[in-house]
Amino acid sequence: MKLRIFVTLKPGVLDPQGRAIHHALGSLGFEGVEDVRAGKMFEIEVADSTSDDAIDSMCQKLLANTIIENYRIEKR
């Protein structure tokens, strides 16, 4: 089974990388960009028998810092 795991900062958490991207887009002449939030996306292939609890545990223990980040799992 293939997984895509999207990790994003929680609302209210400062995003310096997003601000830098936003500034760079403006400098390159792209108008109308109101905000940018940067995140991470992981593509992971696991055995079909891998439980949802095991996948969730991977996210909580390694892939996301759950104090400041949210994650979403997409199975493909």
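For Glu45, there are no side chain to side chain donor-acceptor pair (under 3.5 Å) partners at least two apart in sequence or on another chain. Contacts of Asp56 classified as side chain to side chain donor-acceptor pair (under 3.5 Å), with partners at least two apart in sequence or in another chain: Gln60, Tyr71. Among residues two or more places apart in sequence or in another chain, the side chain to side chain donor-acceptor pair (under 3.5 Å) test is passed with Lys75 by Asp52. Judged as a side chain to side chain donor-acceptor pair (under 3.5 Å), and not counting sequence neighbours, Arg72 has no contacts.
Hydrophobic clustering, with ILVMFWY side chains joined whenever heavy atoms are under 4.5 angstrom apart, groups Ile73 together with Met1. In the hydrophobic clustering of this structure, Phe6 does not group with Ile68; members are Ile, Leu, Val, Met, Phe, Trp, Tyr whose side-chain heavy atoms approach within less than 4.5 Å, directly or through other members. Under the 4.5 Å side-chain heavy-atom criterion for grouping Ile, Leu, Val, Met, Phe, Trp and Tyr, Leu62 is connected to Phe42 within one hydrophobic cluster. One hydrophobic cluster, built from ILVMFWY side chains closer than 4.5 Å, holds both Val7 and Leu3. By the rule that hydrophobic residues join a cluster once side-chain heavy atoms approach within less than 4.5 Å of another member, Val13 and Val36 end up as members of separate clusters.
Atoms CD1 and CD1, from Ile5 and Ile44 in turn, are 4.0 Å apart once rounded to the nearest 0.5 Å. Rounded to the nearest 0.5 angstrom, Arg76 CZ and Lys2 NZ are separated by 8.0 Å. Remark: Ile55 CD1 to Asp53 CG distance equals 9.5 Å, nearest 0.5 Å. Note that CG of Asp15 is 5.0 Å distant from CG of Leu9, once rounded to the nearest 0.5 Å.
Counting heavy atoms from C-beta outward, Lys10 and Ile67 have side chains that stay 4.5 Å or more apart.
The salt bridge (Lys or Arg N to Asp or Glu O under 4.0 Å) contacts involving residues 21-40 comprise Lys40-Glu69, where partners must be two or more places apart or lie in separate chains.
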For a quick test of your reading: what N or O donor-acceptor pairs under 3.5 Å do the side chains of residues 17-24 make, sequence neighbours left out?
unit_1: His22; atom_1: NE2; unit_2: Val33; atom_2: O; d: 2.8

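The closest donor-acceptor contact from the side chain of Asn70 to the backbone of Thr8 lies at 3.5 Å or more, if one exists at all.
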